Structure formats: C-alpha cells, structure tokens
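Written below as structure tokens is the structure these notes are about.
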Protein chains: 10
Amino acid sequence: MEFLVRSENRLPVETSADRREELRTAERARAMELREAGILKRLWRVPGRNATIGLYEAPDPAALHDALMSLPMAPWLDVQVEALAQHPQERS
Amino acid sequence: MEFLVRSENRLPVETSADRREELRTAERARAMELREAGILKRLWRVPGRNATIGLYEAPDPAALHDALMSLPMAPWLDVQVEALAQHPQERS
Amino acid sequence: MEFLVRSENRLPVETSADRREELRTAERARAMELREAGILKRLWRVPGRNATIGLYEAPDPAALHDALMSLPMAPWLDVQVEALAQHPQERS
Amino acid sequence: MEFLVRSENRLPVETSADRREELRTAERARAMELREAGILKRLWRVPGRNATIGLYEAPDPAALHDALMSLPMAPWLDVQVEALAQHPQERS
Amino acid sequence: MEFLVRSENRLPVETSADRREELRTAERARAMELREAGILKRLWRVPGRNATIGLYEAPDPAALHDALMSLPMAPWLDVQVEALAQHPQERS
Amino acid sequence: MEFLVRSENRLPVETSADRREELRTAERARAMELREAGILKRLWRVPGRNATIGLYEAPDPAALHDALMSLPMAPWLDVQVEALAQHPQERS
Amino acid sequence: MEFLVRSENRLPVETSADRREELRTAERARAMELREAGILKRLWRVPGRNATIGLYEAPDPAALHDALMSLPMAPWLDVQVEALAQHPQERS
Amino acid sequence: MEFLVRSENRLPVETSADRREELRTAERARAMELREAGILKRLWRVPGRNATIGLYEAPDPAALHDALMSLPMAPWLDVQVEALAQHPQERS
Amino acid sequence: MEFLVRSENRLPVETSADRREELRTAERARAMELREAGILKRLWRVPGRNATIGLYEAPDPAALHDALMSLPMAPWLDVQVEALAQHPQERS
Amino acid sequence: MEFLVRSENRLPVETSADRREELRTAERARAMELREAGILKRLWRVPGRNATIGLYEAPDPAALHDALMSLPMAPWLDVQVEALAQHPQERS
C-alpha cells in the first residue's frame, strides 16, 4: 500500500556544518537504499522549507514506520503519514 | 491492518422519523455483517454527538474504503481515517 | 512542474442517481484525457471520504487551474493545491 | 469506562542512549503491568512518529490519570484523552 | 464523574416563534429534571452566543450521552464533552 | 462573575524534585487561600496532562488576573480565561 | 467591565433589499441607544467583511449578553466575546 | 497604503449560467475601474479554487472596504484583508 | 487609522528579577510616550496571561511597526496586528 | 511564475548585536541581488512582527527554493510558499 509522508526537518540551526554534512550524506545513502527496495517511490521538497513530501510503499504501517525510523535524520524529523487508497481508475 | 475511524453523522435534522429509522436499522444490520466479517472490531459513541469512533481491520485502505462506503448512512457520514501501526508490545 | 492536489467532492447528497452517474462517467472520461496528456500522473482516494489526492504535472499554476476547472465535477470540488519542488535526489 | 489516549513522546533528542534505553525498558515494564491490570487494553504506534494511540479502561478519569502518570516516560508525554461512550451495538 | 459540556444551539433562524418557544419551554423543563436528578449541576451562557457551558455528573459517558440526547433541543445542538478528573485538592 | 480557567503547567521537566515539591506545596497553600476567599470554587484535572480546569469567581477580569498571578506556579502557567454569563435557569 | 466583541453578520445573501434595509435601520437605531447607555463605546468594521469589532462596557457578561441579543440583527450574528482586564497603566 | 486581499467566491453552484455570466462581466468591468483608479494593483488566481489574491492600494481600511464592497460579486465573497507595511528596502 | 494589537510577552521565565523590572520600567515609560503622542490610545490585559490588547492609531502600518518596535520589550513580544476600518456610525 | 512568500524570522533574541547586524547587512545585499535578477519583485513587512511577505518570480518551485535558501537568514526563516496562477484579467 502507498503512503503520503510529510517530513519537517527540525535539526537545530546550531548543528555544526560537519555533523550536518555527515547526517545529510547518511540520509541520502539510506534514502537510496529505500528507493532500491521500492519503499521510497518519489520525493519532493516543500519549497522554502527544510521539509519533504514523499510517496512511499510498504506492506503495512508498521513496515513504513520501521523504514522511516531507519533514516539517520529520524530523531529530528516531524513526520505526518497519510494512508492512500488505490483509486478505481488505477486498478488494472 | 487496523484503522481508527471517526465518523460524524450529518443526516439532516429534518429527515422524517421513518426514513431515519429505516436508515438506522439498515446501518445496524450492515455493521453487524462487518463485525462478523472481522472488519469492524469495536465501536464507540462520542458522548453528546451523533458520531462514532470505530476500530476497523482491513487488508488495505481501499478495502476499508469499500467497507465504509457499504454502510447505508455513508452519504451523510463525514469520516476521518487514521492508519495504525502495530506496536512492538503487541507482536507475539 | 508537479503539484499535489487534494480534492473534496461536495456534490450534494440529494443529487439524483442519474445525474450523479452522468457526472461520474464524464469525470472519469476527462480524467483519462488528463492522464493521456500527462497532466494527471497519479490519483488516490482518501479512505472513507469522497475525496482524492492527485499528482499533477503542468507548465505552471494557471495551466493546472485550467486543467482542474475542465473536470465536470469542478463546480462541486473543494481543491487545495501545493506546488512541489524537485528534490535533488531526483535530478538525473 | 474506556478512553482513547494519544501520546506524543517529547523526550529530547539529545537524551543519552543509556538514559533512553533505561526509560524505554521501564516504560515497557510498567505498560505490561497496566495490561495485566486490565487498564491498558490495546496500544498502537502512530506511523512515522514517536507517538502512540492506546485504548485504556479505568473506573474514572482520575484513575486513568494516575495510571498514565505512573508511566516512567510521563514527564515527557504530551497526552490527549478522549472519553468513549459504550455503543448500543456492544451492549450485551 | 463530572463532565464539562459545551453546546452550540444551531436551531435555524427561520424556525417559527411558536416552535421556538415550544422547544425552549420543553428544554427548560427537561433541564430542570436533569438538575433534580443531579445530572446537570451548573449551566452558564456563553456571552453573545446561543450557546451554553454546563457542568454535568453521570456514572459514565454513555449515561451522559443519554441525558444530553433526552433534551428536546438535542437534534440542533453541536455538543463537545470533556471528561474531568477529580483534583486531589477536592478529595475529602 | 464566574470564569472558566484552563491552565497548562509548563514547568520544565528538568526542574529539580525539591524545587518542584516546594512549588507544589506553595501552590496548594495559595489555592486553599483562594478557595477560602471564594475566588476558586472548583478545580479539576485534565486527565493525562499537567493541566487543570477551574471555576473562579471574581468581581471583574482584573481581580481574576491578580488572583491567578498570585499563584506561585503562575510564571509557568499557560492560562486561558473564559467569562461566563449567568444562565436564566440559575437566576433565583 | 469592558469587552471586545467580534461579530460576523450571516444574514443570507438572498434576503430582500427591503428586509435588509429595515434590519439595518433598526440595527443602527438600537446601536445608538446602546451608545447612549454607555454600553457600546466604539465600533469598527473589519475591512472587506460584513463584520464588526466593538468595544462594549457592561456590569457583567450576562448584561452584555442581553445587550447583544437586543440587536435586531442578533439572530444572524456570529459573536465572539473577550473579557478585557483593566491595565495598571490605565488605573488612575 | 497597500493591502493583501484573499477572496473566496461562494456564489452558489446552482446559480444560472446567465446570472453567473452577468455577474462575471460586471465584476470584470468594476475591477478594471479599480485598476484604473490605482486601487487594484495586481490580481492572481488561487490555483484550483474560485478564489483570488489581490494587491490593493487605498488611503485607509475604510476606503479599501468601500472599494471591495463596490464589486458586484461582493455579497458572495469571503474576504480576508491583511495590511502591509512598507519595507525599508523599498523606501526610495 | 486605528489598529487592534495583540501582544504576547515571551520574556523567558528565568530572566532575573532585576532585568525584568528594568524592562518593565522602560516599557511603561515608552508606552507613556506613545500615549502622549496619540499612538497608543487604550491598553488592556488579557486576563490570566502575560499579554495585552491595545488600540493604536498611526498614519500607516509602517509607522505602527516603528512604534511597536520602539518598545523595550519588542524582542520578546509576539504581536498580531489587525487594521480597523472606521464604521459609518462613527463618521461625524 | 509568481509566488507569495511569507517568512517569519526566528533568529534568537539572544543573538549578539554584531552578529545580528552582520546578518542583516548580508541579507539586504542578497535581497538586492535577487531584485536585480528579477526574482524578488516586492517585499513588505508584516506590521508588528519580524516577518515579511514577498512577491517572487522564478521558473519553478525548485528555483524559488534555491533563491530562498541563498538568503543568509535562511536557517532562521520559517517560510510558507504559495504558488500564484496568472489571472485572466492580467493576460495581455
């Protein structure tokens, strides 16, 4: 099933550039793994914010939760999940 | 997977007593079928309101949607669904 | 550019079944045209509601507006549009 | 009577791993006691968040309050309680 | 247990003066019965609005629900209930 | 006149147990004085929260303000006041 | 004591011009009486809306309620009242 | 001074095409007059909605109010006005 | 033109009594100057809060902004401004 | 395409005057560059707040995002972007 995931990044402004870069690199690497696993399908930036909207696919909400919590930035992310129902137009 | 479902009933006040009773009887009957099918697991009233909170189980959001839309009151229900993730404490 | 579009359908409950079916058929047909034109990319149902979330692509907000207003259901839709920024992870 | 309890965990990100683990272990132990006492009946995770939704049963709101405050994480929990009324369908 | 009950009266403006007076008289009578039964303990007006705040006492939320629904104005009332926990200062 | 007063206690979690106890004792003592003065008439806990709902009586909002600010916890309280109008049912 | 009163006028658009004019004239006349009585002290329009913000003075919220309900437009007004406390700077 | 004006058009869906066209033509004509008078400086559509955002200039809020109320659609517009302060960067 | 100004004071609880007194004295002095200049016309306390509602008059929003920023407490104030339109009843 | 951009500046109160001045100067310089590039078209202050509303033009949301993130104050800005659709009245 698919989920719409809004994620506000609350990493404190005063985090050192090094730590920030380290987290971003790790985040990108983990996101790539989630893409390859077919869990993260699309990702957008919310313009003007340190925030993203993602389209995820997972067998159930617990699996989605585990995927989101595996992101290195997870402790600083304020996440809102919305479960999506398949639309009849897309049933093949 | 389980869902928390809030449902406000907007059936107009001026609906005739007969129509109202007819709808309530049909609603109860359909709810009983959903219980027997294991889709509707618990149902509560929100005190003071013509509203309910229900605990549902369905294979996915589309199946839940179909179950909710099969209720005779569906055209008048304002429904909010929240997907629940299994808590590790309840993994057996 | 891509847009996330939330759409609540406020078609009155008392609309006749015929009118409702006529509108739904026309809506489906127009949606299919928007898909073929590459404007409507994905569509989901919000479970429990007469509402959808769609992923659209259009050259600019005015073109998106025109596409949404071309839907036969448009007069009854309460629409919220959110412009999405391409995420660097998806720049190829 | 039954209560729906939403609980956002605001434990600061910078809490040490040891302290965090200690709190989690104690939390799990106390939750198990509340389950055995029939106070905590179901618990779910809100996907993507450090948050839970629980179904509790207690003789009255003050008893529920005491149960919730007995959780080791209580000082960091932002809790919203909703009293549920028994639905006639579930009166036996 | 005690409950705080907010009640907005949505009786349509165009209700005839007779019907309105009939409902008000019946409402007052029923409220007096609820007072005598110890269910309605205090009642205030929200200044400037056709709305009240009441302090109720009932054995549980279902009993409160039944009391509120027994009011002749109930079909037009938009009610919000809040369960109150006894404060230790008031435990005698 | 009477007021409904909601009060969220934002005393930081990391306040020492001693300071917390000292404040609570002083708060209780001052609350008792306000009760004896007929200013604080009822007090409830909001279940699950470090918050209260109180029924106060004071000659005017400025007097209520002074009473609330005389509470030792006042600097940490986030307070919402609602002025209540006497209901005709309670005019004797 | 003084009150800040926000008032949205929900008189239906389809009200006849005559009825509307009749109501407006009566409203103005009653407002003038409230001014002369020292109850209505200031009145502003919310720009762009059929709404006002008023500064009222009344002995208590019940008296304010009666004054507001004496306005011919009262059945169509959606009113929010805020009790104001005298500021020490204005104590003479 | 300049104002940001959000305007939701609540003209009922069932308004006849003729009446709707008549209103739109008159609205356009009046808007053009406001542009020529230097009161309406910019106008945008909110994508997906029958709503606009406008940049207006008027000597004061009352003059803006009069300009907005002179629009033929005014009875159906739900308007929110925000007064803008000149930014030092734009002081010449 | 007149403005309604809501102001929440977020001065941290842990500010020393000396600093707090110094700021309050300076605030009072500056407020008095604004009163004498005819900019601050009325000031109320929001009961129970460290907050005020004020009625200001200034030639335009930028002048109001400068007046508000001249208050010694300005860095800690969370301010909401609402532009008021003169009501025809008050046009002399 | 054009965007409406609301920006609340959360720079901590305790930032030193030097750092604050340095940031403001750099912010002004970068804003001027964005004006010359035709990206920042108008800028207003929200009266009473450390906040602005801006009218921006950029080829797409990602370009706008990059422009906003190039501002020296960006780490402290809480930004809300709204995509604007050209109004037919302004199509030449």
Side-chain angles (χ1 to χ4, degrees), chain A residues 1-9 20-21 23-58 60-61 64 67-68 71-73 77 79-92, chain C residues 1-9 20-21 23-58 60-61 64 67-68 71-73 77 79-92:
Chain A
M1 50 176 294
E2 290 176 306
F3 299 92
L4 198 63
V5 177
R6 252 157 229 280
S7 204
E8 294 272 331
N9 192 328
R20 188 176 289 270
E21 194 43 40
L23 277 164
R24 278 200 188 138
T25 306
E27 185 81 358
R28 231 172 289 134
R30 183 63 189 132
M32 285 306 167
E33 290 173 7
L34 293 178
R35 282 180 195 267
E36 276 152 32
I39 295 172
L40 173 55
K41 296 172 81 170
R42 291 296 310 278
L43 194 66
W44 297 272
R45 267 192 179 146
V46 181
R49 301 186 71 75
N50 191 359
T52 60
I53 295 177
L55 176 64
Y56 285 75
E57 183 156 20
D60 60 47
L64 175 72
L68 292 169
L71 290 164
M73 284 282 194
L77 299 183
V79 172
Q80 301 283 349
V81 167
E82 194 168 0
L84 300 167
Q86 194 190 32
H87 196 282
Q89 285 179 19
E90 301 199 348
R91 282 179 202 159
S92 56
Chain C
M1 50 176 295
E2 290 176 307
F3 299 91
L4 199 63
V5 177
R6 254 157 227 280
S7 202
E8 293 272 330
N9 191 328
R20 187 176 291 271
E21 195 43 42
L23 277 164
R24 276 197 191 143
T25 306
E27 185 82 359
R28 231 172 292 135
R30 183 64 189 132
M32 283 309 166
E33 289 174 8
L34 293 177
R35 280 182 197 268
E36 275 152 34
I39 296 172
L40 173 55
K41 298 172 81 171
R42 292 295 312 274
L43 194 67
W44 299 271
R45 266 191 180 147
V46 181
R49 302 185 71 77
N50 191 0
T52 59
I53 294 176
L55 176 64
Y56 285 75
E57 180 155 22
D60 60 49
L64 175 73
L68 292 169
L71 289 166
M73 282 284 193
L77 298 183
V79 172
Q80 301 281 352
V81 167
E82 194 169 0
L84 300 166
Q86 195 190 30
H87 196 283
Q89 285 179 18
E90 300 199 350
R91 281 179 201 158
S92 56

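The chains referred to below are lettered A, B, ... by the order of the sequence lines, with proteins before strands, and numbering in each begins at 1. Note that the coordinates shown come from a computational prediction; the quantities given were computed from them, not determined experimentally.
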*Grab the two heavy atoms, one from A85(A) and one from P47(C), that are nearest each other, plus how far apart they are.*
N-CD, 4.1 Å

_side-chain contact (heavy atoms from CB on, under 4.5 Å) assessment of L4(A) paired with L4(C)_ = CA-CA 10 Å; L4(A) 198 63; L4(C) 199 63; 3.7 Å; yes

_Contacting region of R35(A) [heavy-atom separation from chain C under 4.5 Å]_ = side chain

*Which residue out of L43(C), V46(C), T52(C) racks up the most heavy-atom pairs below 4.5 Å with chain A?*
L43(C)

*For the residue pair L55(C) and L55(A), establish whether any side-chain heavy-atom pair is separated by less than 4.5 Å.*
no

*Are any non-hydrogen side-chain atoms of Q89(A) and R45(C) less than 4.5 angstrom apart?*
no

*Closest approach of E82(C) and I53(A), non-hydrogen atoms and distance?*
OE2-CD1, 3.6 Å

*Euclidean distance, E2(C) CD relative to W44(A) CH2, rounded to 0.5 Å*: 6.0 Å

_Once rounded to the nearest 0.5 Å, what's the spacing between atom CZ of R28(A) and atom NE2 of H87(C)?_
8.5 Å

